[in-house]
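Here's the structure, in C-alpha cells; my notes come after.
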Amino acid sequence: GVGLAGLAVAKFAGARDVALTDCDDAVLRNLQYNVEINDCASSCSVHDLDWGDKDDKDKALPPGDVLLAADAVYDPSQALALARVLRDLARGDDADIWVANEIRNPETWAVCEDAFARCALTLVEDETRAAVAVIDAAGVPLLSKRAWARHKNAALTGAFKLLRFRRVSSQ
C-alpha cells in the first residue's frame with residue numbers, strides 16, 4: 001500500500017502517466033503523501049479503485065499500455081475481480097499486464113491463475129528468473145534491510161513471481 005512499484009516506474013523508468021490505486025482511504029492518503037515527498041506529482045495520480053464495485057466511478061480511468069499489479073494476489077475471493085479490472089483497463093490486446101507477487105499460498109495463486117484465464121488473459125512471459133537477477137544485483141533499494149531480505153529470500157526460493165499477461169485477441 002505504499003505505491004513503491006508505481007513510484008519507481010515514474011521516478012526511475014520515466015513513465016509519464018502513472019495511476020496509483022487502492023480502495024482504502026488510509027492507503028490512498030499514504031499514496032498521495034508518497035507521491036508528494038518523492039516529487040512525482042507531475043507523473044503520478046492517486047485514484048480510489050474498488051475491484052469488486054462494478055459501478056465504481058474510477059473504473060473510468062483511461063486504459064493503460066502497461067499495467068502493474070504489485071503484491072495484489074492475496075485473497076482468492078478477489079481474484080476474479082482483479083482479473084476483470086486488469087482486463088478492462090488494458091488498452092487493447094498489445095497492452096502488457098505485469099503481475100509481481102510473492103506466492104504465500106499456492107492454492108490462492110491457482111485461483112488467481114484460473115481467474116486470469118477466465119477473463120481471457122494469457123501468460124506470455126515468466127520473468128521470475130530475471131526478477132531474481134535484478135533483486136540479487138540491486139542490494140537494498142528503498143526498503144528496510146529486513147523487508148528487502150524477505151523479498152530477496154522469496155525470489156531466491158521461487159516464492160516470488162514476475163509474470164506478463166496479455167488479453168487474448170477478441171478476433
N34 side chain to V2 main-chain N or O, any donor-acceptor pair under 3.5 Å?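 Yes, N34 side chain to V2 backbone: donor-acceptor pair under 3.5 Å.
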
Can you check whether C40's main-chain N or O pairs, donor with acceptor, with K11's side chain at less than 3.5 Å?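 No, the answer is negative, given that no donor and acceptor are paired below the 3.5 Å cut-off.
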
Value rounded to 0.5 Å, distance of [atom1] in [X] from [atom2] in [Y]:
X    : Y    : atom1 : atom2 : value
L31  : D22  : CG    : CG    : 6.0 Å
C112 : N101 : SG    : CG    : 7.5 Å
W109 : D114 : CH2   : CG    : 13.0 Å
N105 : Y74  : CG    : OH    : 14.5 Å
C44  : R16  : SG    : CZ    : 13.5 Å
I97  : R87  : CD1   : CZ    : 10.0 Å

4.5 Å side-chain heavy-atom contact, [X] and [Y]:
X    : Y    : result
W98  : L67  : no
S43  : D17  : no
T21  : L28  : no
D48  : C23  : yes
F116 : L86  : yes
V18  : L20  : yes
T108 : E113 : no

Indicate, with yes or no, if [Y] and [X] share a hydrophobic cluster defined by side-chain heavy-atom contacts under 4.5 Å among Ile, Leu, Val, Met, Phe, Trp and Tyr.
X    : Y    : result
W51  : L61  : yes
L123 : L121 : yes
V99  : L89  : yes
V111 : V85  : no
V46  : V27  : yes

Where do A115 and A83 come nearest, in terms of heavy atoms and distance?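 What the structure gives for the nearest pair is O-CB, 3.7 Å.
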
Between D96 and R91 (salt bridge meaning N to carboxylate O under 4.0 Å), is one present in this structure?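 Salt bridge between D96 and R91, a charged N being under 4.0 Å from a carboxylate O: no.
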
